[in-house]
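Reminder, nothing fancy here: chain letters follow the sequence lines and each chain counts from 1. The structure presented is a predicted model; accordingly, all values stated were derived computationally and were not measured.
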Amino acid sequence: TQLLEQSPQFLSIQEGENLTVYCNSSSVFSSLQWYRQEPGEGPVLLVTVVTGGEVKKLKRLTFQFGDARKDSSLHITAAQPGDTGLYLCAGEGMAGNMLTFGGGTRLMVKP
Amino acid sequence: EAGVAQSPRYKIIEKRQSVAFWCNPISGHATLYWYQQILGQGPKLLIQFQNNGVVDDSQLPKDRFSAERLKGVDSTLKIQPAKLEDSAVYLCASSPRGRFDTEAFFGQGTRLTVV
């Protein structure tokens, strides 16, 4: 079983602050996805990174895939209360037949 | 485009009872996943179907859990008998293909409480 560890598990910050969430594994993934989940809803895809070293930006969110395709980070600039939620990373195995999720980072942005 | 539909949204049962969840994936999606999400944790894959065949069920507790996807469309997940530790949200997801760079579309989930 491929394991993904996310850190931190919980993060409470003030509006306007920056933050970084990490997703680490000892396994190599063919692709890595970041999802955001709100209470009572299923996760919703934010981005997929495929190439080692790849960086993708989505407005104030910056996603990076590690060179060795074992880790990833999510950086949020000038966080807003609307960013509050559970952020999940998910790795797709090299065989392409399993999507494994990390434990999640619960973010709260206070106004 | 209609999303992934799941029912029921909520279910409360006593331990040792049985329960079934239903999922209707997005039309045309070949891959269907069932995940278990315990409060405060990330989703854990229970079983993955490609059309009507099982791709992976290594983490499905087969002594009490079963799942089927007849005709490669709808799917049901059953628990019999339920235990207290089965209390969780059961998420169904589908994706158009099963290999590489694939987005999983999730339903709202079924929240199961076993008392």
Inset, instruction - Check each atom of Q37(A) against the heavy atoms of chain B and say whether the ones under 4.5 Å are side chain, backbone, both or neither. - result: side chain

Inset, instruction - Side chain from CB out, backbone as N, CA, C, O: work out which of these in Q37(B) comes under 4.5 Å of a heavy atom of chain A, or both, or neither. - result: side chain

Inset, instruction - Taking atom NZ of K59(A) as the centre, report whether more than 12 heavy atoms of other residues, nucleotides or ligands fall under 6.0 Å from it. - result: no

Inset, instruction - Count the heavy atoms belonging to other residues, nucleotides or ligands that lie under 6.0 Å from CZ of R111(B), then report whether that count exceeds 12. - result: no

Inset, instruction - Under 4.5 Å heavy-atom distance to chain B, tell me which part of Y35(A) shows up: side chain, backbone, both or neither. - result: side chain

Inset, instruction - Kindly indicate whether the side chain of P43(A), heavy atoms from C-beta on, has any atom under 4.5 Å from the side chain of L91(B). - result: yes

Inset, instruction - Select one option (side chain, backbone, both, neither) describing which atoms of L86(A) are under 4.5 Å from chain B's heavy atoms. - result: side chain

Inset, instruction - Identify the two heavy atoms, one from Q33(A) and one from E103(B), that lie closest to each other, and give their separation to 0.1 Å. - result: NE2-N, 4.1 Å

Legend entry - Path from W34(B) to F105(B) over hydrophobic side-chain contacts below 4.5 Å: no

Inset, instruction - Could you tell me whether L84(B) atom CG has more than 12 heavy atoms of other residues or ligands within 6.0 Å of it? - result: yes

Legend entry - Exceeds 12 heavy-atom contacts within 6.0 angstrom, atom CD1 of I12(B): no

Inset, instruction - Of all the heavy-atom pairs spanning L45(B) and L99(A), show the shortest one and how long it is. - result: CB-O, 4.5 Å

Inset, instruction - May I ask you to name which of C92(B), A93(B), A104(B), P43(B) has the most heavy-atom pairs under 4.5 Å with chain A? - result: P43(B)

Legend entry - Exceeds 12 heavy-atom contacts within 6.0 angstrom, atom CD of E5(A): no

Inset, instruction - Write down the atom of G42(B), the atom of L88(A), and the distance for their closest heavy-atom approach. - result: CA-CD2, 3.8 Å

Legend entry - Heavy atoms from other residues, nucleotides or ligands near CD of Q9(A) exceed 12 (cutoff 6.0 Å): no

